[in-house]
Amino acid sequence: MGLPDYLGWRWRSKAGVPIVCVPGCPVQPDNFMETLLYLLYQYVGLSPMIPLDEALRPTWLFSQTVHEGCDRGGYYEQGDFTAEYGSRSASSSSGAGAPSSSATCPSAAG
């Protein structure tokens with residue numbers, strides 16, 4: 001359960017700003033700060049209304065799956081998996097759910 005479940009998915013502040021969800025456990029700091037800065041720019045009139053998907057997430061951060069943005073995606077497609085840390089092959093054949101998870105990968109930043 002999240003804030004939209006309590007306040008309602010169509011809830012908006014008096015200023016007209018909707019609830020913005022930034023998922024993650026923990027939330028990626030870059031995602032949080034990017035969203036916060038966007039909202040601050042919006043507040044002072046330098047940005048349009050924040051674009052959100054159906055789950056109230058910023059679209060520019062959560063429009064792709066982890067798999068689509070992964071530099072090891074080709075290894076996954078070829079079935080080249082490894083259990084060794086540091087290998088360039090795909091990390092797992094069964095665990096992460098990357099082909100269907102809409103999130104950002106913490107390794108993408110560095």
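What you see is a predicted model; the values in this text were computed from it and never measured.
From Leu52, atom CG reaches atom CG of Leu56 across 6.0 Å, with rounding to the nearest 0.5 Å. Taking CG of Leu39 as the reference point, atom CE of Met49 lies at 9.5 Å (rounded to 0.5 Å).
In this structure the side chain of Asp53 never reaches within 4.5 angstrom of the side chain of Ser63, judged on heavy atoms. Put simply, the side chain of Leu61 does not reach to within 4.5 Å of the side chain of Asp30, judged on heavy atoms.
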Anything under 3.5 Å between a donor and an acceptor, one on a side chain of residues 10-19, the other on a protein residue two or more places apart or in another chain? List them.
residue	atom	partner	partner atom	Å
Arg12	NH1	Gly16	O	2.8
Ser13	OG	Ala15	N	3.2
Ser13	OG	Gly16	N	3.4
Ser13	OG	Val17	N	3.1

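The minimum heavy-atom distance between Pro4 and Cys21, with the atom names listed, is CG-SG, 3.7 Å. When all heavy atoms of Arg57 and Phe62 are compared, the closest pair comes out as CB-CD1, 3.7 Å. Nearest heavy atom pair, residue Asn31 against residue Thr35, reads O-OG1, 2.8 Å.
Pairs passing the ring-ring contact (aromatic ring centres under 6.0 Å, His included) check and including a residue from residues 24-60, sequence neighbours excluded, read Tyr38-Trp60.
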